[in-house]
Each structure stands twice: as structure tokens, then as C-alpha cells.
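Written out below as C-alpha cells is the structure these notes cover.
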Amino acid sequence: MHRWSKLFIPTLREAPADAEVASHKFLLRAGYIRQLGAGIYNYLPLGQRALNKIIGIVREEMDKIGQEFYLPALLPKEPWEESGRWTGMGDNMFRLKDRKGADLCLGMTHEEIMTTIARGELRSYKQLPQIWYQIQTKFRDEPRPKSGLLRVRQFIMKDAYSFDIDSAGLDKSFDLHDAVYRAIFTRCGLKFVAVEADSGAMGGSQSQEFMVYTDAGEDFIASCPLCGYAANLEKATSLLGPVEELVATGDGKPEEIHTPGMGAIADIAAFLKMSPANDIKCVAYMALKRGPAAKDGSRKDTWHGVAAFLRGDHQVNETKLLGALGAAELRTMQAEELQQCFNGPAGYLGPVGLKHDAEPLGEGLTVIVDRALDGRINMVCGANQLDYHYRNVTPGRDFTWTLAADIRSVNEGEGCPKDGCAGKLVVGKAVEIGHIFKLGYKYSESMGLRVLDPNGKEVTPIMGSYGIGIERILTAAIEQENDANGFCLAASIAPFTVVITVTNVGDAALRETGEKLAAELEAAGLDVLLDDRDERAGVKFKDADLVGIPYRINVGKKAAAGQVELVARSTSTSVDVGLNEVVALVKRRVDEEKLLEDSH
RNA sequence: CGGGGAGUGGCUCAGCCUGGUAGAGCACCUGGUUCGGGACCAGGGGGUCGGAGGUUCAAAUCCUCUCUCCCCGACCA
């Protein structure tokens with residue numbers, strides 16, 4: 001049994017000024033965490049208990065499909081050079097040298113390391129499939145840590161890796177993780193959605209994120225309320241309605257028009273009394289192409305000019321653009337670069353007469369057009385000349401391109417992309433709590449993992465990679481359920497399941513009743529905290545509400561009559577219960593919560 | 001890295017513009033009165049004003065440099 005008077009639970013009346021999001025404020029106020037530096041936090045006893053409970057659930061579920069490892073966080077350079085990520089990870093990797101001057105890094109993910117184990121030990125298809133996981137501290141030198149535990153530089157991750165003989169096997173491993181992840185998040189009391197996602201730096205084909213809707217999140221999710229389609233905005237597509245085309249003027253060929261001071265799309269649209277959808281906008285980038293790795297691990301990276309053209313009312317999706325180009329990084333062009341590539345100024349850039357490369361990221365300019373320009377006619381675009389535009393511009397007839405691709409972000413209200421679905425997309429903010437990838441052969445190939453197949457032939461196993469952010473589960477749970485007084489965690493992850501508040505410890509009878517009740521609850525298998533502090537009742541109620549414990553039992557005035565109050569934190573409802581029934585009632589409530597989870 | 005903001009007892013902040021004895025509330029310690037939704041009274045402890053340099057008889061306050069943290073944009077669990 002734990003007594004509040006003996007525990008270190010430093011609650012705060014006011015949130016420190018630099019906390020902005022709810023979970024950050026409450027984690028600090030409830031005495032779960034204290035900050036040590038930007039994106040670096042101390043976990044205090046209450047926080048540690050909650051995280052341990054989450055880890056327990058993750059471990060229990062993961063053990064159903066995989067085996068737990070524990071790899072080092074301090075890693076030598078070599079495996080990273082083999083995969084190409086020693087340079088590929090860039091500044092996000094914490095690097096250090098040992099006393100001999102050898103390069104080391106702090107692990108930010110462990111594909112490489114797991115692969116070294118696999119290639120050292122796996123010899124036969126008979127040993128596959130394997131699912132290996134660990135729960136371990138990760139280090140990432142984030143450009144901008146923020147929002148308390150939401151984005152930090154040191155965090156706990158459950159990372160798992162699968163090795164299969166073929167893609168059918170990978171599909172199965174992927175589905176196993178999908179199912180187990182759903183079970184984990186449900187047991188943690190999260191209302192989550194699984195969405196299609198971009199694979200990013202991990203590489204690979206298919207990936208799916210698990211998200212919890214919250215304004216504190218950093219991702220946007222497009223979803224269809226009708227059919228259940230859901231995708232990260234980085235990946236989402238939509239069905240566009242028809243656009244009313246402009247009527248051609250003159251001979252129907254591109255015609256230069258004088259448009260002084262109309263560098264913005266809104267201006268030119270108003271001037272020509274047309275919709276921005278009739279305009280072709282240009283966003284000019286410099287894209288970084290990674291060169292092949294040299295023997296010493298170094299690379300020659302090069303920058304290439306890219307002109308992206310899309311509908312005037314659409315926004316570039318840089319994630320999609322990166323993917324379409326096969327580039328590593330993007331930055332917008334400087335004025336001199338614009339002049340050099342377009343011979344024209346920003347605001348008046350256009351595709352007509354633009355020379356472009358045949359292949360992406362070549363010597364000259366890469367012209368990429370968005371698919372939403374397919375089949376469009378009589379559009380308006382910049383003339384690559386200050387204060388001039390063209391009209392009557394038809395893609396394909398009046399200009400060509402290096403490649404066409406989906407490079408725009410969908411907007412709320414656009415049509416659901418699923419065949420036959422008439423739904424309209426809605427966009428919401430969310431935080432990512434888990435991500436599962438089909439990696440493919442990226443690591444097994446580059447690092448030389450081979451096994452013999454049934455025919456005695458060497459084959460390369462196919463891999464998957466699967467992550468869960470442990471602290472993110474806690475953070476998302478708090479974001480999901482909080483009010484003015486604090487937050488409420490599911491019994492499964494709360495540091496304590498029930499707190500017994502003895503309203504007046506000066507009263508020996510009350511104190512004894514509380515002690516006895518606590519012992520009984522503990523005997524019933526519940527995590528119980530006895531608030532035996534010599535504080536006024538109000539202080540103890542406030543603290544109990546603050547720290548997220550789902551059930552509270554008030555031992556007060558009515559105790560003499562054999563009655564206590566059972567208060568549910570989530571609904572703030574209380575019922576009077578007989579002292580001899582309260583243990584069974586709390587137990588039943590907690591068990592019902594579990595049942596509810598299982599039925600998901 | 002670009003842009004914006006902040007560093008003053010443990011927490012929230014005032015003081016800075018216009019240089020002149022470092023303050024309030026909460027928290028903490030002692031005593032008393034209270035005791036079901038963050039009590040009250042009295043007394044008390046605690047601060048190199050982020051750091052360095054400069055201007056000045058005198059710097060929390062003015063100047064220069066620097067460090068740290070937070071927020072907005074490119075990354076991801």
C-alpha cells in the first residue's frame with residue numbers, strides 16, 4: 001500500500017509559464033515529470049508508474065507475436081555506413097567519439113542493429129519468420145523539441161522488426177502487428193484511428209500510422225465519414241469536382257496580358273474575374289539529391305532546380321513532392337536562382353517556354369506538374385516576365401514537363417477517393433502514437449542478410465519495422481481526457497487505480513477506516529493510494545482530480561454510518577456505497593472497463 | 001537554421017522605459033484558530049536579478065557579447 005504522505009508527488013497549483021499544451025501542463029502540475037533541458041525530461045515516481053504500466057501492456061501484447069530483445073543505445077558507426085544512414089540521418093543523429101577517436105552514435109532506431117544480428121545468425125528459411133522487438137530509450141536530435149513529452153530528444157520506444165522469406169510472409173507479420181497494436185492502444189484507453197501514411201526516411205512500400213485526434217498533434221488526417229477512409233495528409237488523395245473552364249480568347253493560342261502588380265493569385269483571379277482554380281501556380285524549389293556512398297561512407301550530395309506547377313487554389317505537399325522526385329530535401333529557391341531558372345521574378349513564374357530535363361534531378365530544371373492539371377484547358381499562368389501573364393494555356397499543348405505526379409495536399413470538403421463513395425473528406429489534427437512499415441529489402445539487401453530457401457538457393461529476407469512511442473501513449477491519453485482540474489487515465493495505465501481520501505486524518509476512526517479499506521482493496525489486486533496527508537479535504541480532492549487516478553473513495557462524515565463515496569474521475573459522479581460493498585464495486589467497475597477494451 | 005518572445009527566492013509575476021536600500025501572491029518553517037473542493041492570523045527562512053564584459057560615484061534597470069528556455073516554420077514515436 002502506498003501512502004501519499006510518504007510519496008514524492010510534487011503537485012503544482014500553477015503550470016510553469018513555458019508549458020502550452022494540456023498534457024505538458026498537467027504532467028508538470030501532477031508531478032509526473034520535470035524538465036531538465038529542451039526535449040529532455042526527468043520522470044518522477046507517478047510518471048514512471050504510468051509509463052511502467054504502459055510498457056507492461058505493450059510487452060504482454062507483443063509477447064504474443066514476438067520475442068523481446070534489449071539492444072544497446074550506444075552504437076558503432078559501421079552498420080549505419082552499410083545501410084547508408086550514417087550520412088542519411090543527418091543532424092537528427094546524436095554522434096560522439098570514444099577515447100580512441102572512433103565514431104559512435106546514440107540509437108534513434110534499430111533496423112541496422114537488428115539486421116546485423118539476423119545476418120550473423122539466420123541461415124535457413126526454416127528459421128523464418130522472426131519478429132524481434134525491444135522496449136528501449138531512443139535518442140533523436142530534433143530540430144525543435146516541443147509540447148512537453150510530445151516531441152522530445154530522448155524517449156522510450158517499443159521497436160519491432162520482422163524477417164520473412166517472402167512478401168506474403170511480410171503481409172502476415174504486418175497484419176499481426178496491426179492487430180496487436182490495436183489491442184495495445186485499446187487497452188490503454190485510447191480512441192485511435194489507423195491511417196495510411198508516408199514511409200519517409202525508413203524507406204519501404206506500405207505504412208500505416210496509429211493516430212489519436214487532438215489539437216496538440218502535429219499531423220493532419222484526412223478522413224471520410226462515410227466509408228472510413230483515413231490517411232495522413234502527407235499521403236491522402238481526393239476526388240476533385242469539375243472546374244468550369246475559361247472560354248478561349250482570340251485565336252485560342254497563349255496570349256500575353258499585362259497584369260501590373262498582380263503577383264498574387266488572388267489579384268490575377270479578381271482582375272480576370274476567374275476562379276483561382278483556373279490559374280496555374282508555380283512553386284520553385286531546390287531539391288537535394290543524395291549521391292552514392294563512397295567507400296569511406298561519404299557522399300556527394302547535389303542541389304537541383306525544380307519547378308512545381310499546380311492549380312492556383314492548391315497547396316504543394318512537400319512530402320509527396322520529395323517522393324515523386326526521389327529527393328532527400330527541399331528548400332525554396334532564392335531570387336537569383338529564380339532568375340537563373342526562369343529568367344523571371346516570383347509571382348510571374350509559368351511553364352510556357354520553360355526548358356526542362358527529360359529525367360528528374362538532372363543538370364537543368366525539373367518540371368513537375370500536379371495531376372489535377374490533367375485535361376485542363378485555357379488556363380492562366382505567369383509569363384516569366386514582370387507584370388505579364390499568359391491566358392489560353394493548355395497543358396500538354398502549350399508546355400510539357402519532366403514528370404506528372406500527385407504533389408498537392410487535399411483540402412477539407414473534397415471528395416473521398418474511394419471508388420463509389422460519395423463522402424466528403426474532413427481534416428483533423430492528430431498525434432502519432434505508432435507506425436508500422438513494410439520495409440522491403442532496403443536493409444537486408446544493403447547489409448547482406450541472406451538465407452537458403454527450400455531449394456538451397458540464397459535469398460534475401462524481406463523486412464518490416466514497427467514502432468510505438470511509449471510516452472506518446474501517456475501524452476495522448478491526457479490530451480484525450482482532461483478538464484479544468486486535471487486529467488483522467490484509464491485504470492490500466494494510471495499510476496494508481498484508486499485513491500482513498502481520508503477527509504480528516506485528525507479523526508482516528510476515519511484514519512483507521514481508510515487504512516483498513518486500503519488493505520482490502522490491495523488484497524483484491526488493485527493499485528491503491530491512501531491519501532493520509534494532514535491537509536484540508538479540499539486540497540486532497542484537488543490533488544486527486546489533478547493526478548489522473550480514475551477512482552476515488554472519500555472516507556468522511558458518513559463513515560461512522562458505514563458509508564463512503566465512490567467518485568469516478570472521468571464523469572465526476574459519485575455514489576454512496578456501504579463500506580462492506582465498496583471493494584467489490586470498484587473491482588467490478590475496473591473489470592468492466594477491461595471488458596469494454598476486450599470487445600473492441 | 002530563419003522569425004517572434006522570455007530569463008528576478010521552489011512556482012506565477014511586478015520592478016526595467018526615467019539607474020539610487022530587491023518586492024508581492026502561492027509554496028516552505030514555527031505557533032495559534034480552522035477542517036468536504038486549493039483556509040485564516042502572527043512570526044520566520046530563502047534571491048551572485050541566466051552568464052561575461054562595459055558605461056557610471058552608483059546597474060535587476062543603460063550598452064556589447066554570450067548561454068538557456070518557450071512559441072511559429074522544414075523532422076517523426
Side-chain angles (χ1 to χ4, degrees), chain A residues 10-21 24-25 28-29 31 34-40 58 89-93 108-109 135-160 181 197-202 207 209-212 217-219 232 234 285 288 318-319 321-322 328-332 431-437 465-476 484-486 501-507 510 534-546 552 554-559 565 567 572 574:
Chain A
T11 58
L12 264 25
R13 275 188 195 216
E14 289 172 285
D18 51 13
E20 292 236 328
V21 303
H24 188 196
K25 284 184 192 164
L28 287 166
R29 284 193 56 202
R34 287 294 183 264
Q35 182 168 26
L36 184 61
I40 309 175
V58 169
M89 282 301 190
D91 291 336
N92 264 20
M93 184 184 262
M108 47 196 298
T109 177
I135 297 165
Q136 193 223 28
T137 300
K138 298 285 190 268
F139 299 87
R140 295 185 185 177
D141 195 358
E142 290 290 337
R144 187 155 91 84
K146 56 182 280 201
S147 306
L149 291 190
L150 215 51
R151 172 156 235 86
V152 288
R153 295 195 290 176
Q154 171 177 339
F155 61 98
I156 306 166
M157 180 157 99
K158 187 290 299 172
D159 47 321
Y181 275 37
D198 181 69
S199 312
M202 296 295 175
S207 88
E209 289 168 332
F210 294 86
M211 316 288 281
V212 172
E218 304 177 284
D219 286 88
N232 194 306
E234 294 174 347
Y285 291 96
L288 184 73
E318 295 191 358
T319 305
L321 182 57
L322 277 174
E329 271 180 51
L330 289 175
R331 63 168 176 79
T332 48
V431 60
E432 179 184 358
I433 50 174
H435 200 160
I436 57 181
F437 296 90
S465 157
Y466 316 87
I468 290 178
I470 302 297
E471 291 93 333
R472 287 242 177 122
I473 292 181
L474 176 61
T475 311
N485 291 325
T501 304
V502 178
T503 57
N504 182 0
V505 292
D507 184 330
L510 288 188
D534 184 13
E535 288 285 354
R536 296 164 65 85
V539 171
K540 297 204 254 193
F541 292 154
K542 288 284 187 193
D543 269 345
D545 284 349
L546 176 60
R552 181 173 90 225
N554 293 337
V555 177
K557 289 181 262 191
K558 301 170 219 157
E565 286 163 5
V567 185
S572 301
S574 89

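In the text below, chain A, chain B and the rest are named by the order of the sequence lines, each starting its count at 1. What you see below is based on every heavy atom in this structure, not just the backbone, and it leaves out hydrogens, waters and symmetry mates.
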Next item on the list: Between B:G23 and B:G46, how far apart are the C1' atoms? Round to whole Å, please.
Entry: 14 Å
Check: For A:Val152, which contact category applies under a 4.0 Å heavy-atom criterion: base, sugar-phosphate, or nothing?
Finding: base
Margin query: Can you give me the closest heavy-atom contact between A:Gly39 and A:Val152, atom names plus distance?
Written below: O-CB, 3.4 Å
Notebook entry, point to check: For atom C1', what is the distance between B:G2 and B:C17, given to the nearest Å?
Noted result: 30 Å
Item checked: Watson-Crick or G-U counterpart of B:A6, or none if no pair lies under 3.5 Å -> B:U68
Check: Paired with B:A77: which nucleotide, if any, by Watson-Crick or G-U wobble criteria at under 3.5 Å for both distances?
Finding: none
Checklist line | Integer-rounded Å distance: B:C1 P and A:Asn92 CG | finding: 15 Å
Next item on the list: Grab the CG-C1' distance between A:Asp141 and B:C76 for me, whole Å please.
Entry: 13 Å
Margin query: Please give me the minimum heavy-atom distance between A:Asp141 and A:Asp91, naming the atom from each residue.
Written below: CB-O, 3.5 Å
Checklist line | Between B:G19 and B:A59 - C1' atom distance, rounded Å | finding: 6 Å
Notebook entry, point to check: Who is the Watson-Crick or G-U wobble partner of B:G46, with both distances under 3.5 Å?
Noted result: none
Item checked: Between B:C75 (P) and A:Leu288 (CG): distance, integer Å -> 12 Å
Next item on the list: Could you check whether A:Ala15 gets within reach of a base, just the sugar-phosphate, or nothing at all, counting any heavy atom under 4.0 Å?
Entry: sugar-phosphate
Checklist line | Distance, C1' atom - from B:A77 to B:G4, rounded to whole angstrom | finding: 28 Å
Check: Is the phosphate of B:C70, meaning OP1 or OP2, less than 4.0 Å from a side-chain N or O of A:Gln35?
Finding: yes
Next item on the list: Check whether the side chain of A:Asp219 and the base of B:C76 form a donor-acceptor pair under 3.5 Å.
Entry: yes
Note to self: So which atom in A:Lys542 and which in A:Asn485 form the shortest heavy-atom distance, rounded to 0.1 Å?
What the structure shows: NZ-OD1, 3.7 Å
Check: To the nearest Å, how far apart are A:Leu28 CG and B:C69 P?
Finding: 15 Å
Checklist line | Whole-angstrom distance between B:A52 and B:C11, as gauged at atom C1' | finding: 28 Å
Notebook entry, point to check: In the strands shown, is B:G36 matched to any nucleotide by a Watson-Crick or G-U wobble pair with both distances under 3.5 Å, and which?
Noted result: none
Margin query: Would you compute the distance between atom NZ of A:Lys558 and atom OG1 of A:Thr503 and round it to the nearest 0.5 angstrom?
Written below: 10.5 Å
Checklist line | Mate of B:C16 where both pairing distances stay under 3.5 Å, Watson-Crick or G-U | finding: none
Checklist line | Protein-nucleotide distance (A:Arg144, atom CZ; B:U68, atom C1'), rounded to Å | finding: 16 Å
Margin query: Does the structure show a Watson-Crick or G-U wobble partner for B:G25, both distances under 3.5 Å? Name it, or say none.
Written below: B:C11
Check: Which whole-number value in Å describes the distance from A:Glu234 CD to B:A74 P?
Finding: 10 Å
Item checked: Counterpart base for B:U56, defined by Watson-Crick or G-U wobble contacts under 3.5 Å -> none
Checklist line | Sugar-phosphate, base or nothing in reach of A:Ser147, heavy atoms under 4.0 Å | finding: sugar-phosphate
Next item on the list: Could you tell me whether A:Arg151 contacts a base, only the sugar-phosphate backbone, or nothing, with contacts defined as non-hydrogen atoms closer than 4.0 Å?
Entry: base
Note to self: For A:Gly39 and A:Arg472, find the nucleotide of RNA chain B closest to each by heavy atoms; which residue's nucleotide sits nearer the 5' end?
What the structure shows: A:Gly39
Check: Between the main-chain N or O of A:Arg144 and the side-chain N or O of A:Glu142, is there a donor-acceptor pair closer than 3.5 Å?
Finding: no
Next item on the list: Check whether any side-chain heavy atom of A:Arg140 lies under 4.5 Å from a side-chain heavy atom of A:Arg153, and answer yes or no.
Entry: no
Margin query: Taking the C1' atom in each of B:A60 and B:U48, what is the distance between them to the nearest angstrom?
Written below: 12 Å
Margin query: Looking at A:Arg29 and A:Leu12, would you say the former's side chain and the latter's main chain have a donor-acceptor pair under 3.5 Å?
Written below: yes
Margin query: At 4.0 Å (heavy atoms only), tell me whether A:Glu20 reaches a base, stays on the sugar-phosphate, or touches nothing.
Written below: sugar-phosphate
Checklist line | Touch class at under 4.0 angstrom, heavy-atom based, for A:Pro16 against every strand present | finding: sugar-phosphate
Check: Are A:Asp198 and A:Thr319 linked by a side-chain donor-acceptor pair shorter than 3.5 Å?
Finding: no
Next item on the list: Please state the C1' separation for the pair B:G38 and B:U12 - nearest whole angstrom.
Entry: 15 Å
Next item on the list: Please measure how far the C1' atom in B:G51 lies from the corresponding atom in B:G43, and state the result in whole Å.
Entry: 37 Å
Next item on the list: Could you tell me whether the side chain of A:Arg472 and the main chain of A:Gly434 form a donor-acceptor pair under 3.5 Å?
Entry: no
Margin query: What is the distance, to the nearest angstrom, from the CE atom on A:Met89 to the P atom on B:A74?
Written below: 20 Å
Checklist line | Closest nucleotide among B:U12, B:A77, B:C69 to the A:Ala17 side chain | finding: B:U12
Check: Taking CG from A:Leu149 and P from B:A77, how many angstroms apart are they, rounded to a whole number?
Finding: 17 Å
Check: Reading nucleotides 33-44 of chain B 5' to 3', which nucleotides get B (base under 4.0 Å from a protein heavy atom), which S (sugar-phosphate only), which -?
Finding: -BSBBBB-----
Item checked: Side-chain donor/acceptor of A:Gln154 to backbone N/O of A:Thr137, under 3.5 Å -> no
